[in-house]
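For the single chain, residues carry numbers from 1 onward in sequence order. Just follow the structure's listing: the first ligand is 1, and inside any ligand the first atom is 1.
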Amino acid sequence: MESKVKDKESLLRRLMEAGGEPVSGQMLADEAGVSRTAVWKWVRELEEDGFTVRSVRKKGYVLEASPDRLTPALIRKHLKDDPFVSEIIHFESVESTMPIAHREAQSGAPDGTVIVAEEQTAGRGRLARPWTSAAGKGIWMSIILKPDIPPHRAPQFTLIAAVSICRAIRELADVEARIKWPNDLLIGGRKVTGILTELQADPDRVQAIIIGTGINVNQEPEDFPEELADIATSIRMESGQPLDRAALAAAVLRNLGYYSRLYLEEGFAPIKFLWEENSDTIGRRVNAVMVRETVTGTAVGITEDGVLEIRTEDGSIRGIYSADIEPAE
Ligand code: BT5
């Protein structure tokens with residue numbers, strides 16, 4: 001179904017749907033109940049936003065080029081009618097999308113609200129580590145979910161997000177990301193994505209889960225600071241091709257919607273299967289480095305709670321709740 005034109009964003013969507021065919025200015029004006037001049041003003045505003053719109057005499061407007069941005073209209077163009085995403089809130093530059101998402105969740109934002117920024121100036125990882133988020137190069141996004149589950153199940157959403165992002169990358173780029181427990185995606189052993197899951201909860205019920213994901217998409221090696229040179233990578237560096245960030249953001253959201261629904265309907269088993277299948281950790285000898293000790297052994301699987309199981313030298317299984325994993329000799 002064609003979207004109804006009522007403002008600049010819906011006009012853009014309509015021009016996108018027209019797939020390069022001209023759309024008559026008079027028709028757009030009639031549909032929106034405004035003058036042709038008002039439609040022309042929206043077109044001018046779109047051009048100021050970086051779109052190229054050609055005016056074809058007697059025929060109408062044609063959208064010729066879209067900017068490389070993560071605006072709601074550009075993401076929605078790829079989402080089509082997927083019901084998972086309720087609202088997309090887009091920022092040019094923020095310190096971090098996480099506190100914004102927390103505030104939105106608290107003030108009643110519905111399940112499926114997305115906060116996305118072109119740039120973060122103080123992006124963060126776990127334990128207050130910094131997350132480098134260069135302008136226009138990646139997807140820096142926080143997703144608010146409000147599932148009706150007890151708080152102890154919330155960490156499973158990190159695993160659901162990891163599976164979803166893996167799938168999305170594979171759909172759009174000719175590269176394969178693998179999951180490093182608990183929250184990294186790697187390509188060729190280097191980190192391409194980090195996931196940070198945070199929680200707002202009562203003692204027995206989740207109020208909101210905020211999934212923060214940083215995906216390195218179009219960086220070139222010189223875009224990373226020196227300290228990340230050996231440990232980080234981008235999809236573009238691995239595939240040799242730039243990728244449409246809005247298309248990837250939409251694919252991530254579509255997959256996340258699909259796998260969260262699957263999880264809520266069928267439980268953790270299908271997620272566990274997919275996670276283990278895409279894991280870079282299972283089957284390897286690892287050191288699980290924790291604050292008080294390091295456990296060494298072979299990673300053998302994850303439990304229903306997302307706990308990593310390691311078989312140690314003496315054959316016993318240790319459950320690891322939170323640690324940094326590094327390869328062991
Ligand atoms: C993470 O933490 O990997 C979670 C990152 C989550 C980022 C998203 S972006 C949207 C939302 N808003 C935020 O402010 N955060 C979330 P952790 O496992 O603690 O890893 C952090 C470590 O990854 C750092 O100490 C660096 O070594 C490395 N790192 C930082 N920036 C990176 C990047 N762009 N690519 C690869 N590695 C990076």
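Shown in contact with R124 at under 4.0 Å from a heavy atom are these atoms of ligand 1, numbered in order with element: 5 (C), 6 (C), 7 (C), 13 (C), 14 (O), 15 (N), 16 (C). Close contacts of ligand 1 with D184, meaning ligand atoms under 4.0 Å from a residue heavy atom, involve 3 (O), 18 (O). The contact set between ligand 1 and T97, taken as ligand atoms under 4.0 Å from a residue heavy atom, comprises 10 (C), 11 (C), 12 (N). Of all the atoms in ligand 1, the ones that sit under 4.0 Å from a non-hydrogen atom of I231 are 27 (O). Close approach of ligand 1 to N216 is summarised as follows: ligand atoms under 4.0 Å from at least one heavy atom of the residue are 33 (C), 34 (N), 35 (N), 36 (C). Which parts of ligand 1 touch S96 is read off a 4.0 Å heavy-atom cut-off, strictly below it: atoms 12 (N), 13 (C), 14 (O). For ligand 1, the atoms closer than 4.0 angstrom to any heavy atom of P130 are 24 (C), 30 (C). Each of the atoms 14 (O) of ligand 1 lies under 4.0 Å from some heavy atom of G123.
Within the 3.5 Å criterion, the main-chain N or O of G138 finds a donor-acceptor partner in the side chain of R245.
Residue F91 is tested with I100, T97, V116 for a side-chain contact (heavy atoms from CB on, under 4.5 Å); the sole match is I100. Here the rule is side-chain contact (heavy atoms from CB on, under 4.5 Å) with I160, and of L274, L264, L256 only L256 fits it.
In this structure, the protein non-hydrogen atom closest to atom 22 (C) of ligand 1 is K191 NZ, 4.0 Å. Closest to atom 28 (C) of ligand 1, if we only count protein heavy atoms, is L228 CD2, 3.8 Å. Nearest protein heavy-atom neighbour of atom 1 (C) of ligand 1: N183 ND2, 3.6 Å. Protein heavy atom at the shortest distance from atom 5 (C) of ligand 1 is W131 CE3, 3.6 Å. For atom 12 (N) of ligand 1, the closest heavy atom belonging to the protein is Q120 OE1, 2.8 Å.
The pair E277-R178 does not meet the salt-bridge criterion, since no charged nitrogen lies less than 4.0 angstrom from a carboxylate oxygen.
Using a non-hydrogen distance threshold of 4.0 Å, T233 does not register as a contact of ligand 1. Residue S133 places no heavy atom under 4.0 Å from ligand 1.
Of all the heavy atoms in E119 and S93, the pair that sits closest is OE1-OG, 2.8 Å.
Contacts of I195 with ligand 1, taken as heavy-atom pairs under 4.0 Å, involve the backbone alone.
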